[in-house]
J.: 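Sharing a structure here in structure tokens format.
Numbers for residues simply follow the sequence, beginning at 1.
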Amino acid sequence: MEMYDSSKIEQFKDVWVFCEQRQGVVQPTSFELISEGRRLADELGCKLYALLLGDNVADSCKEIAGYGADGVILCESPLLKHYTTDGYTKVIVDVVKQMKPEVVIFGATYIGRDLGPRCAARLHTGLCADCTHLDVSVPVYQEFLTGASTLPADRIAGTSSAMVMGQKHDVSHDLKMTRPAFGGHLMATIICPRFRPAMATVRPGVMKKAPFDQARADAAEIIRPAFELTEADFETEILAVEKAAKKLVDLIGADYIVSVGRGIAKDVEGGIKLGQELADELGGVLGGSRVTIDSGWLSADHQVGQTGKTVHPKVYIALGISGAIQHKAGMQDSECIIAVNTNPSAPMFEIADYGIVGDLFKVVPMLIESIRAIKAAK
């Protein structure tokens, strides 16, 4: 095997997506990332492989491949049954050194945030954390900037190159990783021009899952690379796995989200109660803008936005939310957006399908009554 050197970027090829499984069940974020990885692999003109670690998890390979992978790199061992930092890091690093992928993507979950940086450090490469957008193709990236940034046209046109180590560098083959910066007030795009693989963790919910393709699932290649893993490789021992009883809000999987913002300040408890009541009538969940979390009105699992969760519900109702760019970035792809605000110039009305200029404490009770009346009439 040729000596591993992360600076010899010409030796690296293909896109890998780490597919997270827990108790043998592949997590939904993995399917989102496989779908996105397919696009990136097509832009690079290479293959896409899923990387799956565990014990007796081979039955999940076809399910994973059906969302866009050309194949699955499967690493199985009883020592990989439960996630451990030591075991998973060693296996991934060994397999990457052996097969040399150009790009490796992890979900920005608890596991991905722990695993990705450790692998990157051992592989002597860079990792961009908590990404919300990925591109390789320069024209596609520039199209993204045109719609998502305030950069002038000449600056956007100039993104085909960058200064690296004092020299002009063509970025057409680099993974362009975009993430929130400075507390979500800016978006930064980062490249890793001198080392491979380029590595990123991607925020759950920001990528859209492609339709399942049975033909691709059936045609997928399963690769079982050689690796060594013994108990001597572990610094810790898992004695038991206990699931926490705390129930968190599932914003990402919700079809209906009612979010509250600064507009509930005059009666926080009453505003939250109204928002929750409306969400319950719709069979949805309650969300909130950043100010509601920073003020301690709602727990962090309710937050929608760049520094919270990115959501794509069928209906998103914004109550008393002005619509700062950080919040809009987390919900603007909702199928239908309804905004209620006393300020007719609120930015939220710019992206809303339906806007109501009024006091949410007066409007929401009327909405609830209307929904109940429609249900009773059926």
Side-chain angles (χ1 to χ4, degrees), residues 12-41 46-120 122-123 127 134 197 199-202 204 207 209-210 212-229 233-234 238 241:
F12 292 77
K13 187 178 181 181
D14 297 329
V15 175
W16 286 13
V17 171
F18 171 72
C19 288
E20 183 178 328
Q21 58 82 20
R22 300 186 185 185
Q23 286 78 52
V25 178
V26 179
Q27 299 303 291
T29 301
S30 299
F31 303 133
E32 298 172 6
L33 296 185
I34 286 291
S35 303
E36 179 68 6
R38 177 72 268 158
R39 180 177 69 85
L40 298 175
C46 65
K47 290 188 176 182
L48 169 67
Y49 290 98
L51 177 60
L52 180 63
L53 278 65
D55 184 34
N56 295 319
V57 292
D59 290 344
S60 298
C61 290
K62 287 188 178 295
E63 179 186 19
I64 292 170
Y67 288 99
D70 295 298
V72 179
I73 298 168
L74 179 63
C75 301
E76 290 187 301
S77 166
L79 296 175
L80 296 173
K81 181 175 182 179
H82 299 297
Y83 173 75
T84 60
T85 302
D86 297 328
Y88 272 54
T89 300
K90 182 182 186 302
V91 171
I92 291 175
V93 168
D94 288 351
V95 174
V96 167
K97 287 183 176 181
Q98 176 184 337
M99 302 181 69
K100 298 177 182 173
E102 185 172 1
V103 171
V104 181
I105 302 171
F106 300 83
T109 61
Y110 292 116
I111 287 177
R113 291 170 189 260
D114 177 63
L115 184 60
R118 293 174 187 271
C119 293
R122 293 193 190 184
L123 292 166
L127 179 139
L134 300 173
M199 303 180 75
T201 60
V202 178
M207 306 302 180
K209 184 173 70 173
F212 182 82
D213 185 341
Q214 186 63 52
R216 187 178 286 277
D218 293 337
E221 176 186 14
I222 298 178
I223 301 172
R224 296 176 180 267
F227 65 90
E228 294 183 5
L229 186 66
D233 295 312
F234 293 79
I238 295 179
V241 177

J.: Is it true that atom CD of Glu228 has more than 12 heavy atoms of other residues, nucleotides or ligands lying nearer than 6.0 Å?
T.: no
J.: I need the single residue from Ile73, Val103, Ile92 that forms a side chain to side chain contact (heavy atoms under 4.5 Å, CB included) with Trp16. Which is it?
T.: Ile73
J.: Given side chains that start at C-beta, do those of Cys19 and Phe31 come closer than 4.5 Å, heavy atoms only?
T.: no
J.: Salt-bridge test for Arg38 and Glu36: reply yes if a basic N is under 4.0 Å from a carboxylate O, no otherwise.
T.: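 A salt bridge is absent here (no side-chain N lies under 4.0 Å from a carboxylate O).
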J.: Ser60 and Gln21: side-chain donor and acceptor closer than 3.5 Å?
T.: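 There is no such pair between these side chains.
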J.: I would like to know whether Ile223 and Tyr49 meet side chain to side chain contact (heavy atoms under 4.5 Å, CB included); could you show each step before the answer?
T.: CA-CA 9 Å; Ile223 301 172; Tyr49 290 98; 3.7 Å; yes
J.: With a cut-off of 6.0 Å (strictly less than), are more than 12 heavy atoms of other residues, nucleotides or ligands near NZ of Lys62?
T.: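 Yes, NZ of Lys62 has more than 12 neighbouring heavy atoms, counting only those of other groups under 6.0 Å.
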J.: Walk me through whether Asp114 and Tyr88 qualify under side-chain hydrogen bond (donor to acceptor under 3.5 Å, both in side chains).
T.: CA-CA 10 Å; Asp114 177 63; Tyr88 272 54; over 6 Å; no
J.: Counting only N and O atoms by type, is there a donor-acceptor contact under 3.5 Å from the side chain of Asp70 to the main-chain atoms of Leu48?
T.: yes
J.: For Gly66, does its backbone N or O pair with a side-chain atom of Arg216 as donor and acceptor, under 3.5 Å?
T.: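 Not a single qualifying donor-acceptor pair exists.
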J.: I'd like to know if the side chain of Gln27 and the backbone of Val25 have a donor-acceptor N/O pair within less than 3.5 Å.
T.: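 Yes, Gln27 side chain to Val25 backbone: donor-acceptor pair under 3.5 Å.
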J.: On a heavy-atom basis, which atom in Cys75 and which in Phe227 lie closest, and how many Å separate them?
T.: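 Answer, listing the atom of Cys75 first, then Phe227: CB-CE2, 3.6 Å.
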